[in-house]
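See structure below.
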Amino acid sequence: MDAVILAAGLGTRLRPHTLQTPKPLLPINGLPILGWSVGALPLSVDRVLVVTHYLAEQIEAFLRQQTHVKESCTVHQEQPRGTGDALRACRDKLRSDRFLVLNGDDLYGARDLAALARCSAGVLVQSVTEPKHWGIAFLKPDGTLERLVEKPDIEGPQLANAGAYVFPREVFDAALTKSTRGEYEITDYVSALAARRPVQIVLAEFWLPIGTVEVWQKAQGMDLESVMRPRM
């Protein structure tokens, strides 16, 4: 099974730490974020595609020396035009009929990714109390995904999109258009897929989006080994 890791961002919110180092290679307890991500992938994943843009040569060098996954390669995004465009750039390089997709600057629990990988189509979610700050998953009566909505103006606990997915190849049948941010959004792929077939919801036990220096520093003191076990 292929896995796609989206790692093309500039990491502007973690400057100055990302001026010389791409965000996915920032260290946590001696291991780069990308190293934790690759190590947490299910054993069914035998090939990783990493989408790069900023300081791509450093990520390429890391992948050459990693030993977690049998095969890896990079897909260069010439212009950072959004997560949907980043995934679309991988279309002709994917080999498996289903594939995982992860945000390259988030940390995910290994058990959660294993559960996600067992779905024919799925999205990882976690309950949040302030939905205005997140992309929110709205569900159909049968508990599968209806659509994703970015930062809706609603109150109370909701299920936030954690940015990890499993897709069938038919996800690319949808035509993407630019969002109000002027980017192509992966969430449009997800919502279009959910309109055609069931997309399962997987509740995350562990998800750490590393969006700020404070969160990155907090992660240094966490026992990540217990939730992101290395692949054996």
Mind checking whether [X] and [Y] sit in one hydrophobic cluster, side chains of I, L, V, M, F, W, Y counted as touching below 4.5 Å?
X: V75; Y: M1; value: no
X: I136; Y: I186; value: no
X: V123; Y: Y108; value: no
X: L25; Y: V50; value: yes
X: V128; Y: Y165; value: no

Carboxylate-amine/guanidinium contact E205 R111, below 4.0 Å: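 Judged by the 4.0 Å cut-off on N to carboxylate O distance, E205 and R111 do form a salt bridge.
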Between E150 and K132, is there a salt bridge with N-O shorter than 4.0 Å?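 Salt bridge absent between K132 and E150.
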I need the [X] [atom1] to [Y] [atom2] distance, nearest 0.5 Å.
X: S191; Y: E185; atom1: OG; atom2: CD; answer: 11.0 Å
X: L87; Y: L176; atom1: CG; atom2: CG; answer: 8.5 Å
X: L102; Y: L116; atom1: CG; atom2: CG; answer: 8.0 Å
X: M228; Y: W36; atom1: CE; atom2: CH2; answer: 7.0 Å
X: L139; Y: R147; atom1: CG; atom2: CZ; answer: 10.0 Å
X: R88; Y: T83; atom1: CZ; atom2: OG1; answer: 10.5 Å

Got [X] and [Y] here, is their nearest side-chain heavy-atom distance under 4.5 Å?
X: V4; Y: L100; answer: no
X: V101; Y: L6; answer: yes
X: L203; Y: L159; answer: yes
X: L208; Y: M222; answer: yes
X: L26; Y: W216; answer: yes
X: R47; Y: S72; answer: no
X: R118; Y: V166; answer: no
X: I5; Y: L49; answer: no

List the steps and the verdict of side chain to side chain contact (heavy atoms under 4.5 Å, CB included) for I59 and Y54. CA-CA 9 Å; I59 294 176; Y54 179 64; over 6 Å; no
Establish, yes or no, whether the cationic atom of R81 lies under 6.0 Å from the six-membered ring centre of Y184 and within 45° of the ring axis.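 Relative to the ring axis of Y184, which defines the angle, R81 lies outside at least one limit.
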Kindly say whether [Y] contributes a backbone atom to a donor-acceptor pair with the side chain of [X] at under 3.5 angstrom?
X: Q58; Y: Q20; answer: yes
X: D2; Y: F99; answer: no
X: K140; Y: P198; answer: no
X: Q220; Y: P27; answer: yes
X: S179; Y: E183; answer: yes
X: T74; Y: H76; answer: no
X: Q65; Y: F62; answer: yes
X: K23; Y: I210; answer: yes
X: Q200; Y: C119; answer: no
X: N103; Y: D105; answer: no

What closest approach, in Å, do [X] and [Y] show between heavy atoms, and which atom pair accounts for it?
X: L107; Y: S37; value: CD2-OG, 4.3 Å
X: T52; Y: A8; value: C-CB, 3.7 Å
X: Q77; Y: A86; value: NE2-N, 3.4 Å
X: G104; Y: I33; value: O-CG2, 3.6 Å
X: P131; Y: P152; value: O-CD, 3.7 Å
X: L63; Y: C73; value: CD1-O, 4.1 Å

Does CG in D142 sit with more than 12 non-hydrogen atoms of other residues, nucleotides or ligands closer than 6.0 Å?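 Result for CG/D142: enclosed.
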Within the supplied structure, the quantity of interest is the number of heavy atoms (other residues, nucleotides, ligands) at a distance under 6.0 Å from D97 CG; does it exceed 12?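 Atom CG in D97 is not crowded, with 12 or fewer foreign heavy atoms closer than 6.0 Å.
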Go through it in stages, so that I can follow the logic: the residues are L113 and F206, the test is side chain to side chain contact (heavy atoms under 4.5 Å, CB included), and I'd like the CA-CA distance, side-chain angles, deciding distance and then a yes or no. CA-CA 10 Å; L113 294 182; F206 177 79; over 6 Å; no
Chi angles and distances behind the side chain to side chain contact (heavy atoms under 4.5 Å, CB included) call for R197, E170: CA-CA 10 Å; R197 62 174 294 169; E170 70 185 77; 3.1 Å; yes
Side chains of T18 and R13: any donor to acceptor distance under 3.5 Å?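 Looking only at side-chain atoms, T18 and R13 do not form any donor-acceptor pair under 3.5 Å.
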Donor + acceptor pair across side chains of W207, D112 (<3.5 Å):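 Checked: W207/D112 side chains show no N/O donor-acceptor pair below 3.5 Å.
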Evaluate the criterion side chain to side chain contact (heavy atoms under 4.5 Å, CB included) for residue pair W134 and N161; output intermediate values, then yes/no. CA-CA 7 Å; W134 305 94; N161 171 24; over 6 Å; no
